[in-house]
Amino acid sequence: MLDEIQKLALETIQINKQALIFLPSRASAEKTAEDLSHLTSLSQPDLEHAILKVVSSPTKQCRRLSHCIKKGIAFHHSGLTNDQKDIIETAFREGKIKIICCTPTLAAGVSTPAFRVLIKSLKRFNDRWGQDWIPVLEYLQMVGRAGRPEFEKFGEAIVIAKNEAEKEEIYEKYICGVPEDIYSKLAAEPTLRTYLLSLIASGIIRDNNSMHEFFSKTFWAHQYQDLPKLQTIINKMLTMLKDWEFITLTNSVSNNSEFTPASKLNQPKEQQMRATLLGKRTSELYLDPLTAKHLLDNLNNFTNNKKNFSLLQMISHTLEMRPLLRVKAKEQDYIQEQLVKNYDSLLKEEPSAYDLDYDDFINSIKTALFFSEWIEEKDEDYLLEKYNIRPGEVKVKLDLAEWLLYASEELSKIKNNNHAIKEIHKLRLRLQYGVKEELLALLKLKGIGRIRARKLYLNNLKDIGDIKTVDLTTLSQILGKALAEDVKQQVGEDVPKQISSKKRLGQMSLGKY
DNA sequence: GGCAGTTCTATATAGACAGCATGTC
DNA sequence: CTATATAGAACTGCC
């Protein structure tokens, strides 16, 4: 039996228009798309192929998407790679795809208007309260996708209610509702301490006076009526930044009170705030000071007997890496086993099992294991099966890892930790390409990535020297003629002119088709 | 035994922004 | 204001 969403979707196709269907989770987006795809007779075989080849080994998610898309239906959420998202958005604009089942990704990103917007539910899971109403602002963003001004005079947005009571509630809350106030992001402590440090580093805040002047002007202070409390939080953070050696506080007035009354804020005080070298660099790197401190502490223990796993666990156990890969009930034993195996690699002691942080710690082990497997050349399909991480998320996590390791490398430079600098640098390269160490030499060549490098290595071509000495015919068999010639040129071997110009032609046509 | 259909249970739950400098299949 | 949908396992009944 068809449900309301399905009826509306099929009817949209029938009148030769397009629809976006917003769903509250990625799983429902996929399932809704899959179910619909069984109900249409559209056909887009070329898209099916395009979706599959964006990763080296298509995952079950890629296959599912390709099956939907060949029937003119797509799902769209953060688990997809950017390439896949682009293909879908373009095909939708071209009218090849009729329905996109999506999460709110599509409400915020590039403009993708549709004649009709269907909203399955205005509730979504929320960490604090479980199932809860989404903000009115978000509702407006979704609804705003209905109607394409260049083609239609109007658009339709339809919200599904479970019953009469909910219908009333939705009407009151959303149709008649007003968007909630935008709350200042500064209110979150990580943002506040990051800002505070950067303001001190840039010299905008140099003492209590300029600090008060700045914060009283922000939207945050405006909303945050309780100034004494605000002052308390800021003071707490200043002390933290000082203890962590990101700033220095010099003052002639005694500083033993953390609860400076607001009334004293306006009095010019002699307390001077200056960022240290470490503080400046932390700020330039856009690091949360808490994370910077965590990295510094860990790196301090990064001695010769430590491994890549040490660094990977270090960056996995940060706020920035959240949400971490979650350890499932069935995996507990395996993860514990791996933890024991890598116990000596830890740069910080394992927290107590009663520690609030323990879950995060265990999850950081799983996350670190995922990174470890990536640099052991495991492909996307394997990673999705074993770690339940989708291609789009893999990309995001790797980017984060890259950034945090870059930051770690920079911090190590300030600390003159040469061992760490060397190891981190190598690890960054491996993460970037997803390769074992033995392939690093080959990756210096343009046009050679994890797949081709591995292929060369298997053919006993293990470094630049091997590439130089091997004959062109053999190399061509491995890489294809055009690339083989290009690579030969890169290592300084002469390739006959006429052949090399032929190569360019060949390359162009390759790129085109 | 082997399947189709059913019920039970475990699992997950939206998204994206930071540095830096270009290029994989 | 602590729910729900989904996937997959386990189970059932039937041939």
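Each chain gets a letter, A, B and so on, in the order the sequences are listed, and its residues count up from 1. Only this structure's heavy atoms are used, side chains among them; waters, hydrogens and symmetry mates stay out. Worth saying up front: this structure is predicted, and the values here are computed from it rather than measured.
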Picking from dA7(C), dT6(C), dG15(B), the nucleotide nearest the side-chain atoms of Ser78(A) would be dG15(B)
Residue Trp129(A), side-chain heavy atoms: nucleotide from dG19(B), dA16(B), dC1(C) that is nearest: dC1(C)
Which of these nucleotides, dA5(C), dG15(B), dC25(B), is closest to any side-chain atom of Ser28(A)? dA5(C)
dC17(B) C1' sits how many Å from Leu285(A) CG, rounded? 15 Å
For Ile335(A) and Gln338(A), run side chain to side chain contact (heavy atoms under 4.5 Å, CB included): C-alpha distance rounded to whole Å, both residues' side-chain angles, the deciding distance at 0.1 Å, then the answer. CA-CA 5 Å; Ile335(A) 299 293; Gln338(A) 293 297 314; 5.6 Å; no
Tell me the interatomic distance from Lys328(A), atom NZ, to dT9(B), atom P, rounded to whole angstroms. 19 Å
For DNA chain B, whose closest nucleotide is more 5', that of Lys53(A) or that of Tyr406(A)? Tyr406(A)
Does dG15(B) have its OP1 or OP2 closer than 4.0 Å to a side-chain nitrogen or oxygen of Thr105(A)? yes
Can you work out whether Lys120(A) or Lys330(A) has the more 5'-proximal nearest nucleotide on DNA chain C? Lys120(A)
Tell me whether the OP1 or OP2 atom of dT6(C) has a side-chain N or O from Ser25(A) closer than 4.0 Å. no
Do the side-chain N or O atoms of Arg64(A) get closer than 4.0 angstrom to the phosphate oxygens (OP1, OP2) of dA7(C)? yes
Which nucleotide, dG15(B), dG19(B), dG8(C), lies nearest any side-chain atom of Arg428(A)? dG19(B)
Check for me whether Lys386(A) meets the cation-pi criterion with Tyr382(A), that is, NZ or CZ under 6.0 Å from the six-membered ring centre and within 45 degrees of the ring axis. no
At 4.0 Å (heavy atoms only), tell me whether Arg26(A) reaches a base, stays on the sugar-phosphate, or touches nothing. sugar-phosphate
Mind checking Glu138(A) for me? I need base, sugar-phosphate or nothing, with any heavy atom below 4.0 Å counting as a touch. base
Among the candidates dA7(C), dT4(C), dG19(B), find the nucleotide nearest to the side-chain atoms of Lys31(A). dA7(C)
Mind checking if Arg390(A) touches a base, just sugar-phosphate, or nothing, with heavy atoms under 4.0 Å? nothing
Verify stack between Phe125(A) ring and dA12(B) base, 5.5 Å, 30 degrees: no
